[in-house]
Amino acid sequence: VLFRSGDLTEDVCEPIAEHAGGNPFFISEIVRSVALRYLKDGVEGFDPDAFALPMTVEGAVMSRLDHLEAGAKDLVKRASVFGTRFWAESMADMGVTSPTAVLRRLVRAGLVVRPARRDVRLSGFDEYGFRQRIVRDVAYGTLTQDQRRVLHLAAGRWLSLVDSAAPEETATHLEQGGDIAGAADWWARAAEAALARGDTHVAIQ
């Protein structure tokens with residue numbers, strides 16, 4: 001429960017609905033950012049005159065990320081390099097120490113989820129996913145080009161040691177990380193795998 005019944009009065013709900021444009025996720029993110037702002041500051045209730053509503057859904061998500069403790073925010077940013085799915089075992093290679101407790105807090109916060117067993121991408125690993133893709137995209141957008149290059153290289157090297165990882169995914173990360181020779185090898189493996197399963201179109205790509 002983010003607010004007590006009656007805290008979000010009509011003069012509060014109307015501007016939220018207007019800025020959200022009818023997007024349910026946007027509405028929920030604005031309400032969350034409002035709640036986190038006032039819970040963090042120790043303010044009870046809600047004063048609409050003292051709060052600037054986020055103008056975009058990205059702004060709402062960014063506001064929520066900014067309210068995370070430093071370790072959680074750092075993990076989210078680093079994990080975003082993998083895309084919408086990432087693995088606890090990869091976090092050490094990505095520069096995160098002791099990620100388990102942080103991941104539990106992120107699950108409780110509703111930012112990441114545990115996929116169903118039938119939906120996991122890498123079997124045998126502790127897999128997580130961002131609840132909404134926009135959370136991943138906003139987090140990734142906060143990284144500098146240098147940070148992205150370093151983290152993509154780390155991601156590619158970690159994936160290169162995982163037998164069940166798709167070779168094209170490994171190649172993509174290595175290429176974005178600046179390891180062109182390493183990426184070329186993995187692109188070749190991806191083409192060979194595609195040919196082996198009879199997928200000529202993918203092999204040519």
Side-chain angles (χ1 to χ4, degrees), residues 23 25-26 28-30 32-33 36-37 40 52-115 120-122 125-162 165-187 190:
N23 185 314
F25 170 61
F26 194 359
S28 69
E29 288 303 302
I30 289 177
R32 284 181 182 275
S33 68
L36 289 169
R37 160 82 176 272
K40 180 180 178 181
L53 287 173
M55 295 301 294
T56 65
V57 67
E58 290 86 355
V61 175
M62 181 61 73
S63 175
R64 191 172 178 193
L65 293 179
D66 284 341
H67 282 86
L68 293 173
E69 52 93 6
K73 184 176 181 181
D74 183 62
L75 187 150
V76 167
K77 291 166 64 174
R78 293 172 185 271
S80 72
V81 169
F82 280 104
T84 56
R85 294 287 182 89
F86 59 95
W87 302 268
E89 293 86 349
S90 69
M91 290 295 99
D93 293 62
M94 302 297 285
V96 178
T97 57
S98 304
T100 303
V102 177
L103 285 167
R104 288 173 181 164
R105 291 198 295 272
L106 289 170
V107 169
R108 289 196 296 270
L111 288 171
V112 302
V113 295
R114 301 294 299 275
V120 298
R121 287 176 48 195
L122 300 181
F125 290 91
D126 196 10
E127 189 165 320
Y128 291 82
F130 289 98
R131 183 177 289 277
Q132 291 94 9
R133 182 177 183 88
I134 195 167
V135 174
R136 178 268 168 187
D137 292 345
V138 170
Y140 187 75
T142 66
L143 298 170
T144 67
Q145 289 298 326
D146 286 342
Q147 289 173 326
R148 292 180 186 181
R149 184 171 62 253
V150 170
L151 292 171
H152 275 296
L153 182 59
R157 289 178 173 171
W158 183 81
L159 288 167
S160 72
L161 301 175
V162 178
E168 55 268 32
E169 184 173 5
T170 301
T172 298
H173 284 296
L174 291 175
E175 184 173 338
Q176 292 178 318
D179 182 2
I180 305 305
D185 178 56
W186 282 94
W187 282 125

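Side-chain atoms are counted along with the backbone in the values below, which use heavy atoms only and exclude waters and symmetry mates.
The line from CG of Leu174 to CD of Glu169 is 11.0 Å long, rounded to the nearest 0.5 Å. In this structure, the separation between CE on Met91 and CG on Asp126 is 11.0 Å, given to the nearest 0.5 Å. Distance check: Leu103 CG to Phe86 CZ gives 5.5 Å after rounding to the nearest 0.5 Å. For the atom pair Arg149 CZ and Leu143 CG, the distance stands at 12.5 Å (nearest 0.5 Å). For the atom pair CE of Met94 and OG of Ser80, the computed distance is 8.0 Å after rounding to the nearest 0.5 Å. Atom CZ of Arg131 is separated from atom CG of Leu111 by 8.5 Å, given to the nearest 0.5 angstrom.
Ionic pairing of Lys77 and Asp74 is not present here: no N-O contact between side-chain nitrogen and carboxylate oxygen is shorter than 4.0 angstrom.
Closest non-hydrogen pair, Ala183 versus Ala171, comes out as CB-O, 3.6 Å. Across His173 and Phe82, no two heavy atoms sit closer than the pair CE1-CA, 4.0 Å. Residues Gln147 and Thr142 come closest through the heavy atom pair OE1-O, 4.2 Å. Heavy atoms only, all atoms of each residue included: Val102 and Ala72 are closest at CG1-CA, 3.5 Å. Of all heavy-atom pairs between Val76 and Leu65, the closest is CG1-CD2, 4.1 Å. Of all the heavy atoms in Pro167 and Ala190, the pair that sits closest is CG-CA, 3.6 Å.
Qualifying side-chain contact (heavy atoms from CB on, under 4.5 Å) partners for Ala165, counting only residues two or more places apart in sequence or in other chains: Leu122, Leu159, Val162, Thr170. When the salt bridge (charged side-chain N to carboxylate O under 4.0 Å, His left out) test is applied to Arg157, no partner is found at least two apart in sequence or on another chain. Remark: Thr84 pairs with Arg133 by the side-chain contact (heavy atoms from CB on, under 4.5 Å) rule, at least two apart or across chains. Listed by chain and number, the residues in a ring-ring contact (aromatic ring centres under 6.0 Å, His included) with Trp186 amount to none (sequence neighbours excluded). Residues satisfying the salt bridge (charged side-chain N to carboxylate O under 4.0 Å, His left out) criterion with Arg85, sequence neighbours excluded, are Glu127. Arg136 is linked by a salt bridge (charged side-chain N to carboxylate O under 4.0 Å, His left out) to nothing, counting only residues two or more places apart in sequence or in another chain.
A donor-acceptor contact shorter than 3.5 Å links the side chain of Glu69 to the backbone of Gly71. Between the Thr172 side chain and the Glu168 main chain, a donor and an acceptor come within less than 3.5 Å of each other. In this structure, Glu58 contributes its side chain and Val138 its backbone to no donor-acceptor pair below 3.5 Å.
Proximity of Asp66 to Lys73: side-chain heavy atoms (C-beta onward) are separated by under 4.5 Å at one or more points.
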* To do: May I have the step-by-step check of side-chain contact (heavy atoms from CB on, under 4.5 Å) for Leu68 and Leu106, ending in yes or no?
  => CA-CA 9 Å; Leu68 293 173; Leu106 289 170; 4.1 Å; yes
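The 12-atom threshold is not exceeded at CZ of Arg104, counting heavy atoms of other residues, nucleotides or ligands nearer than 6.0 Å.
Relative ring orientation between Phe125 and Trp158 is described as perpendicular, the plane-to-plane angle rising above 60° on a 0-90° scale split at 30° and 60°.
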